[in-house]
Trainee: 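Just dropping this structure here.
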Number of protein chains: 2
Amino acid sequence: MSWRKEQRRAERGYHHGNLKEALLQAALGLIAEKGAAGFTFADAARMAGVSAAAPYRHFRDRDELLSSIAQRGFEQFEARLTAAWDDGRPDTVTAFERVGRAYLAFAREEPAFYNAMFESGLPVDANPALQAASERAFNIMRAAAERLAALAPPGTPRPPAMMMALHIWSMAHGVASLFSRGDAARRKLPMSPDELLEAEVLIYLRGLGFPTDRRPPAKSAEPPPVPPEASSGSGVPPGGPWGKPK
Amino acid sequence: MSWRKEQRRAERGYHHGNLKEALLQAALGLIAEKGAAGFTFADAARMAGVSAAAPYRHFRDRDELLSSIAQRGFEQFEARLTAAWDDGRPDTVTAFERVGRAYLAFAREEPAFYNAMFESGLPVDANPALQAASERAFNIMRAAAERLAALAPPGTPRPPAMMMALHIWSMAHGVASLFSRGDAARRKLPMSPDELLEAEVLIYLRGLGFPTDRRPPAKSAEPPPVPPEASSGSGVPPGGPWGKPK
DNA sequence: GGCTCATGTAAAGATCGTTCACATGAGCTG
DNA sequence: CAGCTCATGTGAACGATCTTTACATGAGCC
C-alpha cells in the first residue's frame, strides 16, 4: 500500500513540479470516463500521485477545477469552430455546414470538455473568464450567421443573424446531447448524428430561402473562389438533403 | 436537535405510511432546487422526516429513486405531448407547433423532471420501464411527424417521418437545454425561448416545403375542420416567421 | 549558510451512500 | 382477543469524499 506512494514520491521528490497541469489532465480523463458528476477531487489527486489536500493549493474547490476545464474547453472549441469556418471559404453555405460538423466532432471527440462545458450544471456566470470564453466561441457562430444572413435571397426579409446563430447552436447541441454521446441516451437511429445534423441544417437553411442543392459531400472540384451564392431562386431543389446521404 | 425528530415521530407514529411517495416528492423538490447532481439521498430522507436508512426499504439505491422520477417524468411528458397534439386538430401544422411549445413548457414548468429525464446522466436502458416510458413519449412526436410527412407537397420527395421527429426533438431539447432552464446557461436572448423554438420549427417546416404562412397566434377564426393543407406551392411566404412574433 | 514562501502532507471533522442487527406495529390467523 | 409474521423504520457503523488546519519540505534568493 504505502510503498506505492513512497515510490511515487521517490520518482518526483516532495514537490510535484507541475501539479496544476497534472490535475487538469487527470480530471479530464476521469470526466471522459465517468462523466462530470462522477469525477471526484480525491481521484484526481490520487491519479497525480499526491495527497487529497494538495489540489487545494491550486484550485479553491472542486468547482473551480471543473470551471477551469470548461474554460479550456471553450477555448479549444473556439479554435476548432474558427478553423472550420475558415472565414467562409470556399462559399458561405459550405463553410457554415462545416461549422456544424465541427461542433458535432468536438462533442464526439472531446466528450470530457463538452460535458464540463454544457452538462456539468455549473453556472456559466460563475467565472468571468469562463463566461468570456463561452461568448467568444459563440461569436464565431454568430459571425458566420451574420455573413450568411447578408446573403439572403433578394425579395425575402433578411433573417436576424443572432436568431440564426441561436437556431444552429440549439440544433447542434440538441443532436450532440441526445444522440452523439458516449453511453447515455443512445437510441437506434436511422442515420448517424452527423448526417442527422447536416440534413437538419440544410432543411433549415432552405427554409430561409438559401440555395442548398449541392452534390453529396462536395469533395469534387470546388467552385472558384468567387462564390456562386445568391444565384438560383428559392425553388425546391430536385433532391432532398436526406436522400441516402451516404 | 433530537426533540425535533421526536415530534415528527409523534405526529405520524413509527410508520410513515406513505414514505415512498413522500420520498419521490422530496427528491423532486430537491432536484428542482439544486439539480440532479446536487440532490442527496440523505436529504430526501431528512425532508420526509425519517432516518437515512429508511429509503432503502423502497429503493435499491439512489439511482433507482432517480430512475423512478425520470419514469414518472416521461409519463407526464407523454400525457402533455398527447394533449398538445390533440390528434392533429385543427390542422396538422398548428398541432405540430403546439407540440413543440408543449415540449418547452414541460422543460420550463417541470425542471426537476426534465433534469432527471435528460440531464441526470443515468443510462436510459438502466430500467426497462424507464426505457419504455421514454419510447412512448417519443412515439407521440413520431406519430405527429408521420402525419405531417404524409402531407408533403406533391412534387417533392416525402421526408422520412423518423428523421423529422428526431429533428424536432433535437431542436426542442437544444433550446430547452441551452436557453430555457432555471439559472444555468441563461444568455441574453433577442427573443423568448418559445418564440425562438417556434421560429426554428417554422423555418424548418418551410424548408421541407410545408406552407407555414399563418397569421400570428392564429387565434382568429380557424379554417374549417377540413384542413386546407397541401395547398399553396413552395413559394416563399411574404412574411418571415421571425418578424416581430408578438 | 540561512530566510522565505510556495507547495505538499497528515490528521481531523462533516456529510453521504450503504449495510446490518434490531425495534415496531399493522394485519392476518386461529 | 392472543399471537405470529413481515413490511417498515431506527441506530450504529464502515468506507469514501470534501474541505480545513497545523505542520513539513525544499527551491530560490540574499
Side-chain angles (χ1 to χ4, degrees), chain A residues 1-24 26-27 30-31 33-69 120-122 126, chain B residues 1-27 30-31 33-69 116 120-122 126:
Chain A
M1 281 289 203
S2 177
W3 62 269
R4 194 83 191 79
K5 216 187 304 188
E6 296 303 330
Q7 183 180 344
R8 266 263 171 81
R9 188 110 65 95
E11 283 170 9
R12 51 148 253 248
Y14 188 94
H15 287 280
H16 184 290
N18 197 14
L19 185 52
K20 186 162 189 172
E21 193 55 36
L23 286 172
L24 285 168
L30 288 171
I31 294 176
E33 263 185 60
K34 308 182 291 183
F39 131 81
T40 87
F41 220 25
D43 255 342
R46 209 166 340 199
M47 190 158 299
V50 297
S51 76
Y56 289 87
R57 295 293 178 194
H58 299 277
F59 301 97
R60 195 177 349 88
D61 56 14
R62 186 178 166 283
D63 269 10
E64 196 184 273
L65 171 51
L66 216 59
S67 154
S68 286
I69 290 183
S120 66
L122 55 77
Chain B
M1 281 292 200
S2 178
W3 60 270
R4 195 81 192 78
K5 219 188 301 189
E6 297 302 331
Q7 183 179 346
R8 266 266 170 80
R9 188 115 59 102
E11 283 170 8
R12 50 147 256 246
Y14 189 93
H15 287 281
H16 184 289
N18 199 13
L19 184 52
K20 186 162 188 170
E21 194 56 34
L23 286 172
L24 286 168
Q25 291 304 323
L30 288 171
I31 294 175
E33 264 185 60
K34 308 182 291 185
F39 132 81
T40 86
F41 220 25
D43 255 343
R46 207 163 324 161
M47 191 158 300
V50 297
S51 75
Y56 290 85
R57 295 294 178 194
H58 299 277
F59 302 97
R60 196 176 347 90
D61 56 14
R62 185 177 168 283
D63 269 9
E64 197 183 272
L65 171 51
L66 216 59
S67 154
S68 287
I69 290 184
S120 65
L122 57 77

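Convention: sequence-line order gives letters A, B, ...; per-chain numbering from 1.
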Trainee: By nearest nucleotide on DNA chain C, pick out whichever of B/A52 and A/K20 is the more 5' one.
Mentor: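 Looking at the nearest nucleotide for each, A/K20 comes out on the 5' side.
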
Trainee: Can you tell which of D/dT20, D/dC18, C/dC16 lies closest to the side chain of B/T40?
Mentor: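 That would be C/dC16.
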
Trainee: Out of C/dT19, C/dG17, D/dT20, which has the shortest distance to the side chain of B/R62?
Mentor: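 The answer is C/dG17.
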
Trainee: Taking all non-hydrogen atoms of both residues into account, name the closest pair between A/I31 and A/A36 and its distance.
Mentor: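 Looking at all heavy atoms of both residues, the shortest contact is CG2-N, 3.8 Å.
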
Trainee: D/dG9 P sits how many Å from B/E21 CD, rounded?
Mentor: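 Taking atom P of D/dG9 as the reference, CD of B/E21 is at 13 Å.
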
Trainee: Do B/H58 and B/L19 make a side-chain contact, defined as non-hydrogen atoms from C-beta onward lying under 4.5 Å apart?
Mentor: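 Side chain of B/H58 against side chain of B/L19, heavy atoms only: contact under 4.5 Å found.
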
Trainee: Using whole Å, report how far CG of B/D43 lies from P of C/dT15.
Mentor: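 Those two atoms, CG and P, are 11 Å apart.
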
Trainee: Rounding to an integer number of Å, can you tell me how far A/L19 CG sits from C/dG8 P?
Mentor: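 Distance check: A/L19 CG to C/dG8 P gives 5 Å.
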
Trainee: Residues two or more places apart in sequence or in another chain: which of them pass side-chain contact (heavy atoms from CB on, under 4.5 Å) with A/N18?
Mentor: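 side-chain contact (heavy atoms from CB on, under 4.5 Å) list for A/N18, sorted by chain: A/H16, A/E21.
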
Trainee: With a cut-off of less than 4.0 Å, is there a side-chain N or O of B/R57 near OP1 or OP2 of D/dA7?
Mentor: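 No, outside the criterion.
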
Trainee: Between B/L23 (CG) and C/dG17 (P), how many Å, whole number?
Mentor: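 It is 12 Å, rounded to the nearest whole Å.
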
Trainee: Compare the minimum distances between each of D/dG9, C/dT9, C/dT18 and the side chain of B/A54, then state the nucleotide with the smallest one.
Mentor: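 For B/A54, the side-chain atoms sit closest to D/dG9.
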
Trainee: Heavy atoms only, 4.0 Å cut-off, all strands: where does A/A42 land among base, sugar-phosphate and nothing?
Mentor: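 Sugar-phosphate: the residue A/A42, judged by heavy atoms under 4.0 Å, touches backbone atoms but no base.
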
Trainee: Output yes when at least one side-chain N/O atom of A/H58 is less than 4.0 Å from OP1 or OP2 of C/dA6, else no.
Mentor: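 So the side-chain polar atoms of A/H58 never come under 4.0 Å of the phosphate oxygens OP1 or OP2 of C/dA6.
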
Trainee: Report yes if the side chains of B/F39 and B/I69 come closer than 4.5 Å at any heavy-atom pair, otherwise no.
Mentor: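 No. Closest side-chain heavy atoms not under 4.5 Å.
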
Trainee: Rounded to whole Å, how long is the line connecting atom CG of B/D63 with atom C1' of C/dT18?
Mentor: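 Value for this atom pair: 13 Å.
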
Trainee: Using a cut-off of strictly less than 4.0 Å, decide whether B/R46 has a side-chain nitrogen or oxygen near OP1 or OP2 of C/dC16.
Mentor: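 Answer is yes, contact under 4.0 Å.
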
Trainee: For the pair made of CZ in B/F59 and C1' in D/dT8, what is the distance, rounded to whole Å?
Mentor: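 Atom-to-atom, B/F59 to D/dT8, this comes out as 14 Å.
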
Trainee: For A/L65 and D/dT19, give me the distance from atom CG to atom P, rounded to whole Å.
Mentor: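 The answer, rounded to whole Å, is 11 Å.
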
Trainee: Between atom CE in B/M47 and atom C1' in C/dC16, what is the gap in whole Å?
Mentor: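 The answer, rounded to whole Å, is 15 Å.
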
Trainee: So, using side chain to side chain donor-acceptor pair (under 3.5 Å) as the criterion, who are the partners of B/K34 when residues are at least two apart?
Mentor: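 Counting only residues at least two positions away or on another chain, B/K34 forms a side chain to side chain donor-acceptor pair (under 3.5 Å) with B/D43.
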
